[in-house]
Every structure is written in C-alpha cells, then in structure tokens.
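Working notes, beginning with the structure itself.
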2 protein chains.
Amino acid sequence: MTNTTPARILLVEDEIQMRRFLRTALNARDFDVIEASNAREARLAVTGRPPDLILLDLGLPDGDGIDFTRELRSWSQLPVIVLSARGREDDKVMALDAGADDYLTKPFGLNELLARIRVALRHAARSHARDNPETILHIGPLQLDPVRREVRIDDQPVTLTPLEYRLLWYLAKNAGRVLTHQLILRHVWGPGTSQTHTLRVCMAQLRHKIESDPAHPRILMTEMGVGYRLRDD
Amino acid sequence: MTNTTPARILLVEDEIQMRRFLRTALNARDFDVIEASNAREARLAVTGRPPDLILLDLGLPDGDGIDFTRELRSWSQLPVIVLSARGREDDKVMALDAGADDYLTKPFGLNELLARIRVALRHAARSHARDNPETILHIGPLQLDPVRREVRIDDQPVTLTPLEYRLLWYLAKNAGRVLTHQLILRHVWGPGTSQTHTLRVCMAQLRHKIESDPAHPRILMTEMGVGYRLRDD
DNA sequence: GAGGGCTATCATGAATTCATCAGCAGGAAT
DNA sequence: ATTCCTGCTGATGAATTCATGATAGCCCTC
C-alpha cells in the first residue's frame, strides 16, 4: 500500500536562489526534484519521463506559466501547484481556471507548501488507483482478486472460507518462498497460536478446493519438516 | 459532459452574516446551497443526501472542524474547502493533513473562492466519473435511477425505505466487490456504528423486496464471515 | 523391513455467524 | 389520540466455520 519510490517533483523556476532553496527543502523531505528554468525546459521534462507533480513559477522568461498550464491540461492531468509573486485575485482565478490545482503567493511558508503538495499527491493517487486493475495476483493457474475477494483456478471461481482465504492470500503474497509453520500461524491465525495441526487441516481443505489431485499437490507444496510453499513457476 | 443539475454545496458556518453573504453569492452562481451552523447539523446533512462539496468554517461552536474533517475522511472523499479566520501556517497544515482539499484565510476574495470551488469540483468529477448521479445504473435485472430515486427489478418498480435505498445504492455503486460489514455500516449508517445486526435485518428486508426467492439470493450475496456483495455478472 | 517422526484425512462437536420473526420506540400524517 | 411507517433490538433456529481427536499414510534412518 505504501509507495516506496519517492515522488518526483518538477520545479519550474527561473530565480536561481529560490530554486536552490526549494530543491534542498524538497530533497530533505525525500522528494526527487527535477529542475527547469523556463517553459521550454519544462515542456521537455514533462514529455520525457513525467513527474508526479509540478511546482510552477508564473514569471517565466520565455512565456507565461498560464499558457504552459493550459497546454499541459490539454493532454495531461498532472497536478500543478503555482507559485507566484503576483498576489492579485485575478491572477489566481486565471491560473486556477487554466487548470492549476493550487496557487501560493510568495512569500509562502515551507510547511504550507509541503502540506499542499501532500494534498495534490493524495488526489493524484486517488484517481490513479481507480483505473488500476493491476491489483489482481496471477500465479500460474491461480488468480486472486482482493477487491472482489475472488479466487479462480484455471478461470473457475472457488469459494473459500475466511480462514482458507487468508491462508491462501498469505502464501500467494510470498509465492515461491518456503514459509515455516510458525510464520504461517503467526500471520494467519495471529500470535499466540502454536498448534500446527489446525494448519494442516486447513491446508488439506485448501488443497481439496484448488488442486486437481489433492493427494499429489502441484501448487500448494509441503516442505518436509519446515512448512509450506506456493509454487510460482 | 455538461452537468445539467447544479452542484450542491454544504455551507458549514456559524456566523449568520457570513452565511448569508456566501449563500446569496453561491446561489447567484447557480449552486444549490445547503446550510449547517454547527458540526452536528453538518454530520446530519452529509449522512442524508451528501452534497458535492463542503465549505467548512473551522470555528464551530460544538467541536473542531478539523475533527469533523478527519471523521468525514474515514468514509468519504467529499471535497472540503476550509474557510478560517486563523491564518497561522500550523492551522493550514493541520487542516490540510486532516483531509481538507484547500484552505482560505478570511478575508478572502469571492472570485478566488469560486475559482477554488471549480478546482475542487473538477477533481471530484475526475475521480467520480463513474458514480455521477445522473446516469441510471443497470446491473443485471436491477435498475437504479438516482434522479427519480426509483428502483426497478425486472422492470417492476419497488418501493424502498430511505435506509434500504441507501444500502442498495452503496452496494450497487460497488457492484461486484465484497464490502465488509464495517465498510457498509460506515457508509450507510455513518461512522460510529458497529452493530452488524441492524445491517442484517435491513439486508433481509431488501432481499424480500428484490429477490424472487429471498432464502436463496441471486443478487444480494452474503460473503460468510466478511460482508455482502451485489452480483454484477 | 521395522520403527519413529512428520504429514494427511476423516469425523465430531463447539463456536461463530446468519436469517428470520416479532416486538417496541419514535416520528409524521390523519 | 390514533394510525401507519420506519428503523432498532432481542430471541431463536439454521447454517457454516473451525478446532480437536483418532487413524492411516509417507519418508527417512537404521
């Protein structure tokens, strides 16, 4: 669930001092910072490997940042936070209506900027997660869909009890690895359980529902004297 | 593409003058405005028919607006724009991290507020493109028309109580997914409810009105030990 | 092959979870 | 006040799930 890779932020700013200030501040917060000093460089950076968010100064030497935003919005939903020395209300309305997601007037507090960055990334993550069906686990003939809580073997749905489901899910998340009895018991039954017998019984039932020949399992392998393993080749 | 029904905005503000000012301004821009003067009324309004956006004053008589936001975020993604007289940076960071989508310090310009409302609605439209309340949902033999608040099964209209309707609507919006008891309770009954029994009873009534054989449901499936699911295949 | 340790399977009963009926309180309409 | 509707709660029986005990099978060593 947690995104391990740091968010990449494109910083579009011509003043070199402000750029350095923001770069160090963002780097310290574990963001990847890419820099552009004008609209041309910003266009290049976005069409290359797009960042996760854009911090955009409006006063660019080679064109208005508003135009840049409008142009970007014609093909991308990348979050844009405008930083501007212009504090007039019309400027804000123009930028926001052009497609910017937020507008901060210089001078601004760093903590507020960081909080607004978090808001923008939150929004982006939400709309990303919607149309991302890649949450389904495919392991050999097995399919696990955690959203629908559905398990399929050779495309045939099988119904599992809560315990069976949790056991299979834990094995599937660690497909290929050998998991000791103790490890499985702790994760599926919770701490304080040390009765391997119940695990064996549950595993047997799981095999009956998943394996074509439960006596000679091809997916839920037992590792003698150690534990179990879900084959993933 | 154009939304014909005006956006509904919940205005949470205790000062009566500010409320009147905003109400008239928003009405003039063709928004539907619902009003609440404290957190309790706001909770009621949201759990009833949820608005499209919330304008939230932080200084409420009966509780902190931040807590309200956090509580709301535990079960809803409704856009929240905070209006506050407190302009300290920490206040902004707190509110934004609690789940607010924007923060304006009083006094603010009306045009800026309107622009930021447009931004928030834009975001919501993007991520809620699926469940916009305009379209009629067709799921198997079920038809749900949110505008007319009408439900049909095999083209036969059925009359539902408000609670039954909300339950069915929530299940239908997430057709195919398994929804845990807790999830359903939070979304339909509001946060703070943990009594699964009432949910079971309501579900039984719903089945009696929708299923041809309530004892062997074909649409409103129970997922043993987990929750319920509306079948969509 | 015999024996010991580990594993699989079946059966049974307890515990949990569900569905349904009925009763009751609160609110709106008559 | 009466009536009706809605929604909550308690009780009961049914269905499912799960742990445990008994028994048989498998694999390795001796």
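The chains referred to below are lettered A, B, ... by the order of the sequence lines, with proteins before strands, and numbering in each begins at 1.
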Whole angstrom is fine here: how far is it from CE in A/M224 over to P in C/dG4?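 Spelled out: CE on A/M224 to P on C/dG4 is 17 Å.
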
* For atom CD of A/Q195 and atom P of C/dA8, their distance in whole Å ->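 That distance rounds to 15 Å.
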
*Base, sugar-phosphate alone, or nothing: which one does B/T222 contact when heavy atoms must sit under 4.0 Å apart?*
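Contact class for B/T222: sugar-phosphate only.
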
Touch check for B/H216, heavy atoms < 4.0 angstrom, all strands: base, sugar-phosphate only, or nothing?
->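 No contact at all - B/H216 keeps every heavy atom at 4.0 Å or more from the nucleic acid.
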
Give the residues of residues 156-179 of chain A touching DNA chain D, defined as any heavy atom closer than 4.0 Å, sorted by residue number.
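Nucleic-acid contacts, sorted: A/T161, A/P162, A/L163.
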
Which of residues 197-207 of chain B have a heavy atom under 4.0 Å from DNA chain D?
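Within this stretch, B/H197, B/T198, B/V201 sit under 4.0 Å of the strand.
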
Check whether any side-chain heavy atom of [X] sits under 4.5 Å from a side-chain heavy atom of [Y], and report yes or no.
{"X": "B/L78", "Y": "B/L10", "result": "no"}
{"X": "A/W189", "Y": "A/C202", "result": "yes"}
{"X": "B/F31", "Y": "B/L22", "result": "no"}

Enumerate the side chain to side chain donor-acceptor pair (under 3.5 Å) contacts for residues 166-177 of chain A, please, sequence neighbours excluded, ordered by first and then second residue.
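Every side chain to side chain donor-acceptor pair (under 3.5 Å) pair that includes a residue of residues 166-177 of chain A, provided the two are not neighbours, is A/Y170-A/H187.
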
Show every side chain to side chain donor-acceptor pair (under 3.5 Å) that has at least one partner inside residues 13-27 of chain B, sequence neighbours left out.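 Passing the test, one end in residues 13-27 of chain B: B/E13-B/K106, B/R19-B/E35, B/R23-B/E35.
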
Practice prompt. Please find the earliest and latest nucleotides of DNA chain D, in the 5' to 3' direction, that have an atom within less than 4.0 Å of any heavy atom of chain A.
Written response: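 On DNA chain D, the outermost contacted nucleotides are D/dT17 to D/dC27.
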
Q | Distance (rounded to the nearest 0.5 Å) between A/I117 CD1 and A/E112 CD | A |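 Interatomic distance, A/I117 CD1 to A/E112 CD, rounded to 0.5 Å: 11.0 Å.
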
Measure the spacing between CG of A/L137 and CG of A/L230 and express it to the nearest 0.5 Å.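 A/L137 atom CG to A/L230 atom CG measures 10.0 Å (nearest 0.5 Å).
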
Legend entry - Contacts of A/E223 that satisfy side chain to side chain donor-acceptor pair (under 3.5 Å) - sequence neighbours left out: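 A/E223 satisfies side chain to side chain donor-acceptor pair (under 3.5 Å) with A/R229 only.
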
When you check the gap from the basic side-chain N to the acidic O, do A/D101 and A/R73 get nearer than 4.0 Å?
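Salt bridge flag = yes for A/R73 with A/D101.
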
Under-4.0 Å salt bridge between B/D64 and B/R70:
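Answer for the salt bridge query: no.
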
